[in-house]
Amino acid sequence: MILFQRYLSLFLAIWIFSALKGNSQNLVPNPSFEDTVSCPSTLADLTQTSFWNAPTQGSPDYFNSCANNILIDVPNNGFGTQFALSGNGYVGIQVYDTQNVYSYREYIQVQLDQTLLVGQKYWVSFNASLSDMNDYGIQELGAYFSTTQINENSMDTALMVTPQIEFSDGVISDKNGWSQISGSFVAAGNESHIIIGNFNRKQTTTSTQVSSNNINYAYYYIDDVCVADDSLTCTRPLGYLEENAAINFTVYPNPTSNFLIVSNEGQEPYDITIYNVLGQLLYSENGIIDTKKQIDCQNYANGVIMISIKSNEKVLYYKFLKSKL
């Protein structure tokens with residue numbers, strides 16, 4: 001009888017442990033950006049996806065198929081073409097630029113459903129796709145777990161923290177499908193927020209030029225973020241989509257204070273429009289044949305502006321920062 005009771009106790013302990021592990025869940029609220037406050041209407045509108053926010057003054061973008069704005073639509077938007085890995089939405093962040101001094105970074109942040117436990121091992125994954133328009137890919141996309149919400153006033157620097165998860169298997173250069181960044185770590189305890197982005201300055205970022213669109217920074221779509229205390233919850237298949245053709249234009253400088261230069265290397269006629277993040281038209285001109293076009297933007301308000309160039313029925317969008325230097 002005593003032996004039977006011991007076996008019964010052992011069986012119950014194993015059953016309870018298995019049930020608890022079976023109930024492991026993703027601790028990230030709104031992990032695939034499907035829950036919306038409302039459909040996004042402008043660029044830099046991360047507040048329209050529930051729970052997520054920006055920890056710095058950088059301006060992450062929220063894309064959803066419900067948007068009535070081609071700049072932030074899914075699958076076709078201002079940065080290229082990509083279907084959501086799951087559902088109808090994803091976000092986009094600029095994680096690298098080739099400036100020698102200015103290091104513009106964007107991050108996304110969310111509070112976890114549960115605070116992490118000291119000594120507990122956690123598995124982490126999120127998925128990234130390099131946008132069609134960008135010439136550079138990087139390696140060091142990562143995730144940092146903080147015990148508090150981060151609120152930095154700067155967008156001219158990388159966050160000076162060491163991410164617990166950081167990709168190290170080569171430059172993430174796939175523009176067709178989604179690449180999964182994953183890993184595990186043991187929590188120090190009380191971590192309550194996850195922040196995703198590149199936590200390196202230019203000098204410590206591994207980058208590679210992957211195309212020749214003359215868009216000298218790296219911008220990634222991000223989808224399906226997962227944190228769990230088991231290794232199976234955060235595993236999933238990847239998506240696929242064909243790559244768009246490039247257009248041979250260079251637009252600079254970025255950031256800009258007084259003017260923009262559009263270099264037409266293909267020497268083909270093109271149309272250009274410039275919008276602010278509210279979708280308000282700032283400039284428009286059609287049938288331009290200049291090999292170099294200078295546009296006065298000193299009277300534009302400081303902030304993010306979008307430039308659309310259309311040539312031979314192809315459209316390319318550029319994201320710029322207008323600021324006083």
Side-chain angles (χ1 to χ4, degrees), residues 40-45 57-61 63 67 69-73 76-81 92-106 131-136 155-156 202 209 211-219 244-325:
S41 58
T42 70
L43 286 166
D45 209 6
Q57 293 299 305
S59 57
D61 303 302
F63 303 88
N69 185 334
I70 191 171
L71 298 179
I72 49 175
D73 200 0
N76 301 308
N77 54 63
F79 296 87
T81 300
I93 53 176
Q94 183 174 325
V95 297
Y96 175 79
D97 60 67
T98 57
Q99 301 287 331
N100 290 324
V101 178
Y102 193 85
S103 293
Y104 179 69
R105 297 284 182 270
E106 295 174 350
S131 76
D132 293 335
M133 66 182 284
N134 294 120
D135 286 345
Y136 284 83
M155 59 183 175
D156 184 25
K202 175 187 175 183
Q209 185 171 353
S211 59
S212 300
N213 295 327
N214 297 305
I215 310 298
N216 296 321
Y217 58 88
Y219 184 96
N244 274 2
I247 301 178
N248 296 318
F249 290 93
T250 306
V251 185
Y252 61 93
N254 190 14
T256 182
S257 57
N258 297 317
F259 59 86
L260 287 166
I261 299 293
V262 180
S263 177
N264 180 8
E265 298 177 6
Q267 297 183 351
E268 51 189 302
Y270 65 94
D271 303 336
I272 186 169
T273 52
I274 301 178
Y275 296 87
N276 61 20
V277 293
L278 299 177
Q280 297 169 330
L281 181 65
L282 302 176
Y283 180 87
S284 178
E285 186 174 350
N286 297 330
I288 302 171
I289 57 175
D290 301 352
T291 56
K292 279 196 175 180
K293 174 72 175 180
Q294 179 171 307
I295 299 172
D296 184 357
C297 59
Q298 61 183 333
N299 292 326
Y300 297 169
N302 290 340
V304 176
I305 58 175
M306 284 296 300
I307 302 168
S308 167
I309 293 179
K310 181 177 181 181
S311 178
N312 292 332
E313 298 183 350
K314 293 179 288 186
V315 182
L316 188 60
Y317 294 92
Y318 299 77
K319 184 179 183 181
F320 274 71
L321 179 67
K322 168 63 171 61
S323 65
K324 293 182 179 179
L325 298 180

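Any value given below was found using the heavy atoms of this structure, including those in side chains, with hydrogens, waters and symmetry copies removed.
- A donor-acceptor distance shorter than 3.5 angstrom exists from the side chain of D271 to the backbone of G287, with no hydrogens or angles considered.
- For the side-chain contact (heavy atoms from CB on, under 4.5 Å) with L43, the lone residue among I305, I72, N69 that qualifies is I72.
- Using a 4.5 Å heavy-atom cutoff, the side chains of N76 and I70 are not in contact.
- The side-chain heavy atoms of R105 and D97, taken from C-beta on, include a pair separated by under 4.5 Å.
- No donor-acceptor pair closer than 3.5 Å links the side chain of S59 to the backbone N or O of E106.
- Looking only at distances, no side-chain donor or acceptor of N77 sits under 3.5 Å from a matching main-chain atom of L71.
- With D290 contributing its side chain and V262 its backbone, the two residues share no donor-acceptor pair below 3.5 Å.
- Taking each heavy atom of S311 and E268 in turn, the nearest pair found is OG-OE1, 2.5 Å.
- Atoms CD1 and OG1, on I215 and T250 in that order, are 7.5 Å from each other to the nearest 0.5 Å.
- Qualifying side-chain contact (heavy atoms from CB on, under 4.5 Å) partners for N216, counting only residues two or more places apart in sequence or in other chains: T98, D135, Y136.
- With sequence neighbours left out, D45 forms a salt bridge (charged side-chain N to carboxylate O under 4.0 Å, His left out) with no residue at all.
- T256 OG1 to K322 NZ: the interatomic distance, rounded to the nearest 0.5 Å, is 7.0 Å.
- Partners of T291 under the side chain to side chain donor-acceptor pair (under 3.5 Å) rule, at least two apart in sequence or in another chain, do not exist in this structure.
- Using a 4.5 Å heavy-atom cutoff, the side chains of I288 and I272 are in contact.
- The OG1 atom of T273 sits 8.5 Å away from the CG atom of N286 when rounded to the nearest 0.5 Å.
- Checked against side chain to side chain donor-acceptor pair (under 3.5 Å), E285 has the following partners two or more places apart in sequence or in another chain: Y283, K293.
- Y275 places none of its side-chain heavy atoms less than 4.5 Å from the side chain of T42.
- With sequence neighbours left out, the side chain to side chain donor-acceptor pair (under 3.5 Å) criterion links D296 to Q298.
- Here Y219 pairs with F79 under the ring-ring contact (aromatic ring centres under 6.0 Å, His included) rule; sequence neighbours left out.
- Separation of atoms CD1 (I274) and OG (S284) is listed at 9.5 Å; rounding is to 0.5 Å.
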Show your working on side chain to side chain contact (heavy atoms under 4.5 Å, CB included) between Y104 and Q57 and close with a plain yes or no. CA-CA 10 Å; Y104 179 69; Q57 293 299 305; over 6 Å; no
